[in-house]
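Everything on this sheet refers to the single structure shown next.
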Amino acid sequence: MAMVKIVVVALLALVCYAKADSKVICYYDHRSNFREGMGKFDIPFLEPALQVCTHLIYGYAGINPDNYKMVPLNEAFDVNKDNYRHITELKRRFPGLRVLLSVGGGNDISGEGQERNLVYRTVLESVDHRLTFINSAKDLVKHYGFDGLDLAWEFPETKPKKIRSSFKQFFVNLKHKIVGESVVDDKAEEHKEQFTALVREIRNSFRHDGLLLSMSVLPNVNSTVYYDPRSLAPHLDFVSLRNFDFYTPHRNPKEADYTAPLYELLDRKADENGDYQVRYWLQNAFPANKLIYGISTYGRTWRMTEDSGLTGVPPFYTEGPGEEGPYTKEVGLLAFPEICSKIATPKEIQAGYLGKLRKINDPTKRFEYWNTTDVSKRFGTYAYRLPKDDKEGIWVSFEDPDTVTSKASYVKAKGLGGVAIVDLTLDDFRGLCTGDKYPILRAAKFGL
Ligand SMILES: *[C@@H]1O[C@H](CO)[C@@H](O)[C@H](O)[C@H]1NC(C)=O
Ligand SMILES: *[C@@H]1O[C@H](CO)[C@@H](O)[C@H](O)[C@H]1NC(C)=O
């Protein structure tokens, strides 16, 4: 009897432990230090986030195309101004925190067309280059006190999707402008095998020092083409899937759509949703508890015109990225606090919006999917303003705390390893929206 009791208690402890064990992987982009005004991010802003994050990932280092070494992308700031150390020293205050350095991440962009990010493929192609990369990565990681390395490898993106036929009338003459740059990788099959070799070799090299090794799958990189989950699994601590930017105003300038649906939408390609990506990895023998669901803290914006229709319901015709935000200063992108300040309050709605955006919540209808009836946030949230007089129209697809909580609930229901927040510096780190700091991060943690 006593024995049974002990077993039950042990089992309960195990179950509780498993839940508490969910990872909250937080990305920190060092470029945030150079934003202006309220967008400028200094290290002390990290503190409230680090009460929630289990891992902090520093973005990003790059690869030197001349010698295949991993190098800081901003040496003056990362190294000379000691930002690497300032970040890793946060472990003193937060002893449970693990801090990793990430390479790539879509920030190490060099070349165009076939040459774009070529070094990420070239480094794979020879044992010597891989060894050079691995040794330099290990040196960098160890020297600055990081706990490990995150590979946000810059493989070529898939071709942007073609415009739907119903829109074709608008741009028969614009066709050459619509098609984005696309790289045809004739050696994709080899690169896939060589990438697995790289990961195995890094693991062997790291083992002695107990360093962590993780991976981020960047948006629009086809996992089927470049990643072999079964072979990668034994060598990786976790993999974050960036399940957003399925549509972007840069890849899809003429057509706005939900950027980060959880499930497949009607009339969209089957693989343009988070659930599809998760299933690919699970179905190829990748352990659920090492799989991390990536969530963005920013929205994507398109310019609405007279030809965009009046409903705001995507997909619809647009004329490219929406204008830049006051802090982030990048066309087609708005950080969560930049979005929340544009959304009409109940008072403003009563007064006829006053140039503010109308927010449309995700339908909360319950429906059957995979025998689950409590999945409601299937698409995502958007907000828009039709063009009027001298004011430009705008449409933005974004995550709000509700959609994030529901993605985290999916993570929990599927027994995945946790969530990744990409990134902290675009969440509302000052609490400008409602007074609460990091609403996206907190909503994710809440849902787990
Ligand atoms: C990804 O690659 C697979 C296998 O080559 C292909 O069937 C699929 O259409 C690709 N997906 C995209 C979005 O290009
Ligand atoms: C889902 O429900 C159907 C019919 O109710 C059942 O046949 C099927 O086995 C269920 N699938 C799962 C994965 O539970």
Side-chain angles (χ1 to χ4, degrees), residues 104-106 109 112-118 120-121 124-125 151-168 175-176 178-199 215-233 239-286 291 293-296 300 302 314-315 332 378-380 397 407 422:
I109 352 179
E112 285 178 28
Q114 290 297 319
E115 296 294 311
R116 202 177 132 89
N117 317 96
L118 190 59
Y120 284 77
R121 279 161 278 152
L124 298 177
E125 289 167 3
L151 301 168
W153 213 251
E154 297 191 5
F155 280 122
E157 291 182 358
T158 56
K159 265 191 193 167
K161 187 177 159 177
K162 284 214 191 81
I163 303 288
R164 276 167 259 263
S165 58
S166 51
F167 297 135
K168 274 210 178 108
K175 213 168 178 188
H176 62 286
I178 295 164
V179 180
E181 220 152 28
S182 72
V183 175
V184 181
D185 184 358
D186 297 326
K187 292 189 276 185
E189 193 57 41
E190 281 133 278
H191 289 146
K192 185 182 192 171
E193 284 174 21
Q194 291 156 349
F195 184 78
T196 302
L198 174 75
V199 167
M215 207 187 94
S216 305
V217 177
L218 298 186
N220 301 304
V221 168
N222 191 335
S223 283
T224 321
V225 174
Y226 288 112
Y227 298 119
D228 177 359
R230 192 185 308 271
S231 313
L232 291 171
V239 169
S240 310
L241 304 177
R242 298 214 173 160
N243 287 331
F244 48 82
D245 285 351
F246 291 108
Y247 272 74
T248 73
H250 300 289
R251 283 169 55 85
N252 318 90
K254 296 288 157 187
E255 195 178 23
D257 207 348
Y258 289 111
T259 56
L262 176 53
Y263 287 112
E264 186 178 340
L265 305 177
L266 207 63
D267 294 336
R268 268 63 155 205
K269 269 169 46 182
D271 51 10
E272 292 171 342
N273 59 83
D275 179 57
Y276 180 94
Q277 305 300 327
V278 167
R279 280 189 289 137
Y280 170 76
W281 282 79
L282 295 182
Q283 282 163 6
N284 286 280
F286 197 81
L291 200 57
Y293 197 107
I295 292 170
S296 79
R300 293 291 190 180
W302 282 263
R378 186 184 177 93
F379 312 124
S397 172
K407 281 179 178 168
V422 186

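This one's a predicted model, so the numbers in the text were calculated from it and none came from an experiment. Counting starts at 1 for both ligands and their atoms, following the listed order.
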Revision key, fill the gap. One finds that the ligand 1 atoms under 4.0 Å from a non-hydrogen atom of Asn222 are 1 (C), 2 (O), 3 (C), 8 (C), 10 (C), 11 (N), 12 (C), 14 (O)
Review point. With atoms numbered from 1 as shown, which atoms in ligand 1 lie under 4.0 angstrom from a non-hydrogen atom of Asp271?
Key: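 Within the 4.0 Å cut-off of Asp271, ligand 1 contributes 11 (N), 12 (C), 13 (C).
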Exercise for review: Would you kindly say whether Asn273 and Tyr258 are connected by a side-chain donor-acceptor distance under 3.5 Å?
Suggested key: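 Absent: no donor and acceptor within the cut-off.
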Practice item. Just need the protein heavy atom nearest to atom 4 (C) of ligand 1, so name the residue and atom and give the distance. Key: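 Closest protein heavy atom to atom 4 (C) of ligand 1: Thr224 CG2, 3.8 Å.
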Check your understanding: What distance do Phe195 atom CZ and Trp153 atom CH2 have between them, rounded to the nearest 0.5 Å?
Key ->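 Here the rounded value is 6.5 Å.
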Revision key, fill the gap. One should read off an interatomic distance between Arg279 CZ and Asp271 CG, to the nearest 0.5 angstrom, of 10.5 Å
Exercise for review: Tell me, with the steps shown, if Arg242 and Val217 meet side-chain contact (heavy atoms from CB on, under 4.5 Å).
Suggested key: CA-CA 6 Å; Arg242 298 214 173 160; Val217 177; 5.9 Å; no
Review point. Taking 4.0 angstrom as the limit, do Arg121 and Glu154 come out as a salt bridge?
Key: no
Practice item. Counting heavy atoms only, name the option from Val225, Thr158, Val221 that's nearest to atom 5 (O) of ligand 1. Key: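 Heavy atom nearest to atom 5 (O) of ligand 1 belongs to Val225.
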Review point. Does some non-hydrogen atom of the protein lie less than 4.0 angstrom from atom 14 (O) of ligand 1?
Key: yes
Practice item. Specify whether the nearest protein heavy atom to atom 7 (O) of ligand 1 is under 4.0 angstrom away. Key: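 Under 4.0 Å from atom 7 (O) of ligand 1, zero protein heavy atoms found.
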